[in-house]
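Questions regarding the structure given below will be posed in turn.
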Amino acid sequence: MINPLSSSHMVNMEFISNAMILSFSILLLLPSTSYSLYQKPENHIKTAIFVTGSFEMGPGSIATKTFENIKFPRGHVGIKSFDAELVDQEGNSIPSYETYLHHWFAIKYHQNITMSPNPKLRRPEDAFFQRNEGTCNGGILPHYWGFGVESRGTTSKIPDPFAIEQGNPTKIKNGYEEKWLLNIMVIDTRGAQDKKACTQCRCDHMNLPKDFYNVTRDIHNQRLTTNYKGGLFCCQDNLQCKQIEGFQGSRRMVSLRYKISWVDWNIYQIPVKVYILDSTDKVRSNGSKILHDCLAEYTIPAGGGGDSPHVQKANIPMENGGYLIYGTAHMHSGVVNATLYGQDGRTLCTSTPKYGTGKEAGNEKGYLIGMSVCYPQPGSIKIHDGEILTLESRYKNEFRTGAMGHFYIYLAEEPPQ
């Protein structure tokens with residue numbers, strides 16, 4: 001078993017925090033592994049669809065993949081939306097009850113244009129990540145866009161005249177270029193003994209190596225204990241969910257198809273900053289310094305019962321505020337809702353789930369297929385500098401591993417005039 005915190009391990013186990021400490025001699029070995037299907041301008045908004053490189057999956061298999069230097073709009077642009085879904089080798093959408101998209105994250109990094117092709121000659125300063133404005137510590141949740149099984153039904157669209165500014169040459173160090181990578185976790189649940197447990201990465205439903213707990217490190221680089229019952233660490237690349245005896249299923253190639261809409265940057269665009277908050281954030285202080293300790297996932301214990309949901313809560317101070325333009329949550333099946341409150345108790349945004357009722361991809365019965373999005377009237381909701389926000393993520397009160405409560409907000413420094 002590979003140590004998930006070692007410098008030679010691909011991005012995954014700290015829920016992308018490894019991305020911040022990985023050696024780029026490993027991370028940037030591959031060339032671009034995506035290609036463009038088409039590009040079509042719509043008025044001033046341009047749209048393109050891309051597909052990552054494919055990877056093979058069979059019944060019960062788990063894949064955690066990183067595609068670096070992906071196709072992305074070039075130049076100084078304003079991103080209006082970034083959406084993605086799983087497709088097979090023919091480009092068909094794959095239903096979640098066959099292959100479950102646990103998460104995909106788009107992460108920005110800057111790379112030295114003179115970086116050696118020889119990994120042994122690369123320096124730590126040759127490449128580094130540019131995270132979002134969120135409050136999580138280190139490299140945890142550094143991405144700009146990303147959801148999971150709810151991707152097809154959760155919009156990332158930003159209303160005019162707002163956009164997420166990228167490629168600003170004044171913010172790219174001389175001698176470097178801006179690039180993007182995608183980190184993906186996919187779980188093939190065909191033939192699984194328990195599909196629900198498989199998608200929750202329950203350790204007792206995985207074929208784990210015998211020395212798993214002896215060699216695996218947790219998010220704080222401590223040895224994983226047997227008290228860890230499920231989550232990201234039990235969904236490592238090439239592991240497998242326990243299968244129904246005798247089940248036979250075909251192997252197939254899988255890709256992530258992603259669609260980006262953008263505008264060329266000009267004086268009429270208003271930039272928004274991306275903040276990703278975590279309901280597991282254990283905030284503490286060291287003198288005047290605020291310290292964050294985001295865990296990215298949590299377990300809901302057994303025996304809760306009752307009709308009241310389980311609530312995971314964090315009080316998160318915001319060093320810098322702004323006007324709320326967009327808000328939504330990334331959560332898993334079993335979610336009741338997630339709400340972000342202001343310091344005075346006012347509700348800033350509540351994101352609620354939509355569950356499927358059919359068989360077609362995007363409407364899978366019993367699966368989370370979307371989270372609602374908040375679009376306040378621009379200028380109507382202001383988060384003040386230093387304001388302490390409260391984030392509450394709510395799930396059905398039943399045993400659940402790998403639960404997540406991530407809240408995405410886009411803030412503008414000024415409303416449109």
Side-chain angles (χ1 to χ4, degrees), residues 11-20 82-84 100-108 131-151 153-156 164 182-185 199-201 219 231-232 235 272-283 292-300 309-316 318 324 326-341 348-354 368-374 383 389-395 400-411:
V11 179
N12 177 47
M13 298 319 307
E14 274 194 33
F15 212 61
I16 314 306
S17 68
N18 264 7
M20 306 295 283
F82 192 134
D83 302 301
Y100 184 90
L101 179 57
H102 184 279
H103 73 259
W104 63 270
F105 294 133
I107 304 172
K108 179 168 65 174
R131 62 166 298 134
N132 65 69
E133 303 289 333
T135 57
C136 283
N137 45 302
I140 297 177
L141 307 183
H143 54 288
Y144 279 73
W145 297 274
F147 294 113
V149 69
E150 77 280 20
S151 291
T154 307
T155 182
S156 62
I164 299 175
L182 278 168
N183 176 262
I184 307 167
M185 179 191 288
T199 60
Q200 292 180 18
C201 300
I219 203 166
L232 293 167
C235 270
V272 295
K273 293 183 178 180
V274 178
Y275 292 79
I276 299 179
L277 311 178
D278 183 10
S279 64
T280 69
D281 191 354
K282 298 179 180 179
V283 180
H292 295 267
D293 185 9
C294 297
L295 303 179
E297 62 174 358
Y298 60 99
T299 294
I300 299 173
H310 178 276
V311 180
Q312 179 69 32
K313 179 178 178 180
N315 296 315
I316 305 170
M318 297 283 288
L324 182 63
Y326 170 101
T328 193
H330 165 53
M331 301 183 73
H332 292 172
S333 292
V335 54
V336 175
N337 62 42
T339 300
L340 188 66
Y341 300 96
L348 303 178
C349 176
T350 294
S351 184
T352 58
K354 181 179 181 181
L368 177 65
I369 60 170
M371 294 293 295
S372 68
V373 173
C374 296
I383 296 171
L389 306 184
T390 297
L391 173 57
E392 294 184 351
S393 57
R394 302 178 182 88
Y395 280 89
R400 182 177 304 277
T401 61
M404 293 179 178
H406 306 159
F407 214 95
Y408 297 49
I409 55 175
Y410 299 167
L411 302 183

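This is a predicted model, so every value here is computed, not measured. Just so you know, residue 1 is the first one in the sequence shown, and it goes up from there.
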(message) Less than 4.5 Å apart, side chain to side chain, heavy atoms only: is that true for E133 and I276?
(response) no
(request) Look up atom CG in D281 and atom SG in C294, then write down how far apart they are to the nearest 0.5 Å. (result) 3.5 Å
(request) Give, for atom CG of N132 and atom CG of L141, the distance between the pair rounded to the nearest 0.5 Å. (result) 8.0 Å
(message) If you define the side chain from C-beta out and look only at heavy atoms, does anything of Y275 sit under 4.5 Å from M318?
(response) yes
(message) So, using side chain to side chain contact (heavy atoms under 4.5 Å, CB included) as the criterion, who are the partners of A84 when residues are at least two apart?
(response) W104, L256, Y258
(message) I'd like to know if the side chain of R400 and the backbone of S333 have a donor-acceptor N/O pair within less than 3.5 Å.
(response) yes
(message) Just so I know, are the side chains of V283 and N315 near enough to count as touching, which here means a heavy-atom distance under 4.5 Å?
(response) no
(message) Does any part of the side chain of V335, heavy atoms only, come nearer than 4.5 Å to the side chain of L368, both counted from C-beta?
(response) yes
(request) Could you list the residues that satisfy side-chain hydrogen bond (donor to acceptor under 3.5 Å, both in side chains) with S156, not counting sequence neighbours? (result) D83
(request) Please round to the nearest 0.5 Å and tell me the distance separating atom CD1 of I184 and atom CZ of F105. (result) 11.5 Å
(request) Would you indicate whether the side-chain heavy atoms of C349 and Y326 approach each other to under 4.5 Å? (result) no
(message) I'd like to check the side-chain hydrogen bond (donor to acceptor under 3.5 Å, both in side chains) partners of T350; sequence neighbours left out, ordered by chain and number.
(response) T339
(request) Identify, with sequence neighbours excluded, every residue that meets side chain to side chain contact (heavy atoms under 4.5 Å, CB included) alongside S372. (result) S351, T352
(message) Within the 4.5 Å heavy-atom criterion, are I140 and I219 side-chain neighbours or not?
(response) yes
(message) Applying side-chain hydrogen bond (donor to acceptor under 3.5 Å, both in side chains), can you list everything that pairs with Y410, at least two apart in sequence or on another chain?
(response) none
(request) Can you measure from CG (L182) to CD1 (I107) and round to the nearest 0.5 angstrom? (result) 8.5 Å
(request) Decide yes or no for S279 and M404: does some side-chain heavy atom of the first lie under 4.5 Å from some side-chain heavy atom of the second? (result) no
(request) For the pair S151 (side chain) and G148 (backbone), establish whether a donor and an acceptor sit closer than 3.5 Å, ignoring hydrogens and angles. (result) yes
(request) Tell me, please, which residues at least two apart from L340 pass side chain to side chain contact (heavy atoms under 4.5 Å, CB included). (result) L277, L348, L389, L391, F407, I409
(request) Show the numbers, then the answer: is there a side chain to side chain contact (heavy atoms under 4.5 Å, CB included) between K273 and I164? (result) CA-CA 7 Å; K273 293 183 178 180; I164 299 175; over 6 Å; no
(request) Using the test ring-ring contact (aromatic ring centres under 6.0 Å, His included), find all partners of Y408 that sit at least two apart in sequence or belong to another chain. (result) H143, F147
(request) Drop me the distance from T154's OG1 to M371's CE, to the nearest 0.5 angstrom. (result) 7.0 Å
(request) Please report the shortest heavy-atom distance between C136 and R131, naming the atom on each side. (result) O-NH1, 3.6 Å
(request) Report yes if some heavy atom in the side chain of E297 is under 4.5 Å from a heavy atom in the side chain of T280; otherwise report no. (result) no
(request) Determine whether the side chains of T401 and Y298 contain a donor N or O and an acceptor N or O closer than 3.5 Å. (result) no
(request) With sequence neighbours excluded, tell me which residues meet side-chain hydrogen bond (donor to acceptor under 3.5 Å, both in side chains) with E392. (result) R394
(message) To the nearest 0.5 Å, what is the distance between NE2 on H406 and CG on D278?
(response) 4.5 Å
(message) Taking ring-ring contact (aromatic ring centres under 6.0 Å, His included) as the definition, give me every residue that meets it alongside H332, ordered by chain and number, with sequence neighbours left out.
(response) H102, H330
(request) Kindly write out the residues that satisfy ring-ring contact (aromatic ring centres under 6.0 Å, His included) with Y144, not counting sequence neighbours, or none if the list is empty. (result) W180
(message) Could you work out, with side chain to side chain contact (heavy atoms under 4.5 Å, CB included) as the rule, every residue matching K282, not counting sequence neighbours?
(response) D293, L295
